[in-house]
Amino acid sequence: QVQLVESGGGLVQAGGSLRLSCSASGRTVSDYAMGWFRQAPGKEREFVTTISWSGGSTVYADSVKGRFTISRDNAKNTVYLQMDSLKPEDSARYYCAAAHFQRTRVRPGDYAYWGQGTQVTVSS
């Protein structure tokens, strides 16, 4: 069983940056693809980005491409999401997830483990 805990959310002005962290425990996630999703009030959970087990492959949603960067440190069992040039429409609860796959995954249904999320609010 894998437990995921996100941190690093908060309130930031438009144009600012935040770095989210996702710490895994219970077992290593070094052989799992990892992903970040987000959900705003009244909206469905949406894909943000994913990274392969080695970190060699990443996929981004068009809405965050060029502004967000996913990375991982398998030695620390941690995944990161660097968010730059934040916009008010990025405001949401951000969730980290782990998949029983090595390659990148964009569908929420492919992920077996989820964290509780961390809130990101971007003011205009």
Side-chain angles (χ1 to χ4, degrees):
Q1 193 74 1
V2 175
Q3 293 81 44
L4 302 173
V5 178
E6 303 93 337
S7 62
L11 174 64
V12 64
Q13 288 189 331
S17 298
L18 282 174
R19 188 194 195 202
L20 305 184
S21 297
C22 172
S23 179
S25 62
R27 79 175 298 283
T28 179
V29 293
S30 62
D31 53 346
Y32 288 177
M34 300 293 293
W36 287 95
F37 293 77
R38 65 186 182 187
Q39 187 168 19
K43 295 187 177 181
E44 292 187 355
R45 188 168 298 190
E46 66 170 348
F47 167 76
V48 176
T49 181
T50 177
I51 188 167
S52 63
W53 69 280
S54 66
S57 179
T58 57
V59 179
Y60 295 91
D62 288 343
S63 59
V64 306
K65 201 171 295 183
R67 300 187 298 120
F68 290 12
T69 303
I70 188 172
S71 61
R72 66 190 300 162
D73 185 337
N74 285 339
K76 295 183 178 180
N77 230 22
T78 301
V79 178
Y80 305 97
L81 181 62
Q82 178 67 41
M83 305 186 296
D84 299 318
S85 302
L86 282 162
K87 305 175 181 179
E89 51 263 45
D90 294 319
S91 296
R93 192 164 187 84
Y94 282 72
Y95 297 88
C96 173
H100 285 300
F101 299 97
Q102 292 189 332
R103 296 183 177 180
T104 55
R105 296 283 159 171
V106 301
R107 297 184 307 174
D110 287 339
Y111 288 81
Y113 307 104
W114 293 83
Q116 294 299 305
T118 184
Q119 182 66 36
V120 171
T121 303
V122 184
S123 63
S124 56

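In this structure, the side chain to side chain donor-acceptor pair (under 3.5 Å) partners of Tyr32, at least two apart in sequence or on a different chain, are Arg27, His100. Lys65 pairs by the side chain to side chain donor-acceptor pair (under 3.5 Å) definition with Asp62, not counting sequence neighbours.
Here CD of Gln13 is found 9.5 Å from OG of Ser124. Values are rounded to the nearest 0.5 Å. Note that the CZ atom of Phe47 and the OH atom of Tyr60 stand 9.5 Å from one another [nearest 0.5 Å]. Here the OH-CG distance, from Tyr94 to Leu20, works out to 7.5 Å after rounding to the nearest 0.5 Å.
For the pair Tyr95 and Gln116, the tightest heavy-atom approach, listed with the atom from each and the gap, is CE2-O, 3.3 Å. What you find for Trp53 and Asp31 is that their closest heavy atoms are CB-C, 3.7 Å. Across all their heavy atoms, Tyr111 and Gly35 have their closest contact at CE2-N, 3.5 Å. Between Ala99 and Asp110 the shortest heavy-atom distance is CB-O, 3.4 Å. Ile51 and Thr104 make their closest contact through C-CG2, 3.8 Å (heavy atoms, listed as atom of the first residue, atom of the second, distance). Residue Pro108 comes nearest to Trp114 through the heavy atom pair O-CZ2, 3.5 Å, listed as atom of the first residue, atom of the second, then distance.
Relative to the ring axis of Tyr80, Arg19 places its NZ or CZ within 45° and under 6.0 Å from the centre.
No side-chain heavy atom of Phe68 sits under 4.5 Å from any side-chain heavy atom of Thr49. Asp90 has its side chain out of reach of Met83: every pair of non-hydrogen atoms, C-beta onward, lies at least 4.5 Å apart.
Glu6 places a side-chain N or O within donor-acceptor distance of the main-chain N or O of Cys96, the cut-off being under 3.5 Å. The closest donor-acceptor contact from the side chain of Asn77 to the backbone of Gly26 lies at 3.5 Å or more, if one exists at all. The main-chain N or O of Thr28 is never found under 3.5 Å from a side-chain atom of Ser30 such that the two would form a donor-acceptor pair. A distance-only check finds a donor-acceptor pair linking the side chain of Thr50 to the backbone of Arg105 [under 3.5 Å]. A donor-acceptor contact shorter than 3.5 Å is absent between the side chain of Arg72 and the backbone of Gly55. A donor-acceptor pair is defined here as one N or O able to donate and one able to accept, closer than 3.5 Å; no such pair exists between the side chain of Arg38 and the backbone of Ala92. Between the Ser91 side chain and the Val122 main chain, a donor and an acceptor come within less than 3.5 Å of each other.
The hydrophobic cluster containing Val64 also contains Val12, counting ILVMFWY residues as joined when their side-chain heavy atoms lie under 4.5 angstrom apart, directly or transitively.
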